[in-house]
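By convention in this document, chain letters (A, B, ...) are assigned in the order of the sequence lines, proteins followed by strands, and residues within each chain are numbered from 1.
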Amino acid sequence: MIEIDSITKAYGAIKAVDAVSMTVETGTITVIVGTSGSGKTTLLRMINRLEEPTSGEVRINGDSTLSVKPHILRRRIGYAIQGHGLFPHYTVARNIAAVPRLLNWPKDKIRARVDELLELFSMDPAQFRNRYPAELSGGQQQRVGVARALASRPDLLLMDEPFGALDPIIRTRAQEDLRHIQRRLGSTIMLVTHDMEEAIRLGDRVAVMDGGKLVQYAPPAEIIAKPATGFVADMVGDVERPLRLLSLVPLSEVVEDGAAEGEPLPADASLRDALSACLWTGRNAVPVMRDGATVGRVTLTAIRERAEMRA
Amino acid sequence: MTPGLILRPLLILLLLALVLRPEWFIPLFAPLAPEGGPVIYTRSSLLSLSLSHLALVAAASAAATVVAVTLAILVTRPAGAAFRPLSRTITNMGQTFPPVAVLALAVPALGFGAGPTLVALFLYGLLPIFENAVTGLTTLPPATMEAARGIGLSRWQRLIKVELPLALPVTLTGIRLSVVIALGTATIGSTVAARTLGEVIIAGLLTSNTAFVLQGGLAVGLFAVLIYDALVQLERYLARRMGG
Ligand SMILES: Nc1ncnc2c1ncn2[C@@H]1O[C@H](COP(=O)(O)OP(=O)(O)O)[C@@H](O)[C@H]1O
Ligand SMILES: [Mg+2]
């Protein structure tokens, strides 16, 4: 559990971060979202003490981050940033091994961990281990950056706009991969973005920052349905609110008995996907599949009812 | 690349022949020697002069590298930034002082021989290395430096494992300039009795023997070209590995 306790950073008269308090549960993704200059990066960098707070405190599993030297603290906290920041003079394997080497892991344990992570990120170890960062695509560099941050099984992973430099299609893939890997490893992640879409897609909880203040901290559905301020509502965007809500609900929640025509959808697809399929193919219902068998259908009526229920 | 692939071995062979078997060149140089005078310099072997010449250059360049890089590291730390203009002035002075003047001034203090030459080459070599090392250390990729701090490298580890290796190609360019300047400048060290290939050139000038001048000059020139080329190749290799 990460406890951020009334943390403030002042640059002269400007408060980049103004008395922010929040608690992050172990094993969840928390996304910090806000416009440029709202203090997201400063907040994140105070957690691993790349920036020292003017006042306030951060505790990780009960221990104040002030109780150890900053560079020792950072070895327990993964850090991945926009533009990956890989070491250009190290191979992929050596980049990923950077923190385990600092922690003096035995050689064979490091080698096994590097291969394990490369496989986790769908990069064949034999093919990629000995390449240099310049010999990778943008998406691959970004994955190695995240693999490096995860290498020592950190208590917490901090990510500052990790997908910001990727083109939209690769970005969506990278988000799915992250979600998948986080579920598998049970990692605790705090991720910064200026993209509300990304926040809603990835976050178990979303923290909205505005002018250095935390204006709302809630699950995505609540952010969409009950924005705390006009600023949050603007960030969500009124027009797409129903669709965003639908994108959070899996078909398995509204599936009903009965048959439907046409191409089935998997049970973990969202209501937004189902709505899209209905509209595109002119159907009033779509069949739902689980493990290769049809388990029922989702109707347009059910989708509408769910949208009207809000969160 | 093909001209280099042919030219390089040819130049190496030419240099080896000139240094190890100077007598092969008698027919070539004979027309340039005075009537009845010697064609090939024999007072010392060209090989031993070459080795001593290279040793002087290597020692002076190594010392200049250590001092210039250390200075560059100090003035690129937050605490040392205030000293950057001062250290730049000092290294600039080393460069603007003519090497002959350094020799003249150093002889009374250090006597004749290799000492004054080492001092002159050292002072002369500081500036390019310092300037390039500072450039290298102040233009590191920001995301890489942020990540290096963020994953928990200490200051010292960042310097040794990240900053110096990344600044190496640019620093090496400075070292290359210094070495080439030193290879040429070392010849005048023989005016104060340092053992260098300049001895051959000076003997030629004193006895109006163009054959000697050519032998000495050609050997120095070939060393300079080949060492320059080798260092360029090394820089390219390092830069390519870093995707530069
Ligand atoms: N080192 C600094 N010195 C002065 N002001 C800073 C510094 N770092 C950030 N700021 C200011 O703090 C505010 C928040 O910055 P930042 O945390 O980078 O925002 P975000 O990541 O949300 O774009 C901005 O107004 C920025 O100009
Ligand atoms: Mg930022």
Return yes if some donor-acceptor pair links the side-chain N/O of A:S187 with the main-chain N/O of A:I189 below 3.5 Å, else return no. no

Hey, are B:R149 and B:E146 close enough for a salt bridge, meaning a charged N less than 4.0 Å from a carboxylate O? no

Does a salt bridge link A:R173 with A:D177, judged by any charged N lying under 4.0 Å from a carboxylate O? yes

Under 4.5 Å from a heavy atom of chain B, the part of A:L50 involved: both

Please identify, among A:R74, A:R76, A:R49, the residue contributing the most non-hydrogen atom pairs under 4.5 Å to chain B. A:R74

Among A:I81, A:I77, A:L73, which has the most heavy-atom pairs under 4.5 Å with chain B? A:I81

Sidechain N-carboxylate O distance under 4.0 Å for B:R88, B:E131: yes

Under 4.5 Å from any heavy atom of chain B, what part of A:R45 do you find: side chain, backbone, both or neither? side chain

For B:I151, is it the side chain, the backbone, both, or neither that has a heavy atom closer than 4.5 Å to a heavy atom of chain A? both

Please confirm whether the backbone N or O of A:E135 pairs with a side-chain atom of A:R131, one donor and one acceptor, at under 3.5 Å? yes

Considering only NZ, NE, NH1 and NH2 on the basic side and carboxylate oxygens on the acidic side, decide whether B:E163 and B:R155 come within less than 4.0 Å. no

Under 4.5 Å to a heavy atom of chain A? For B:L168 that would be neither

Is it the side chain or the backbone of A:F87 that comes within 4.5 Å of chain B heavy atoms, both, or neither? both

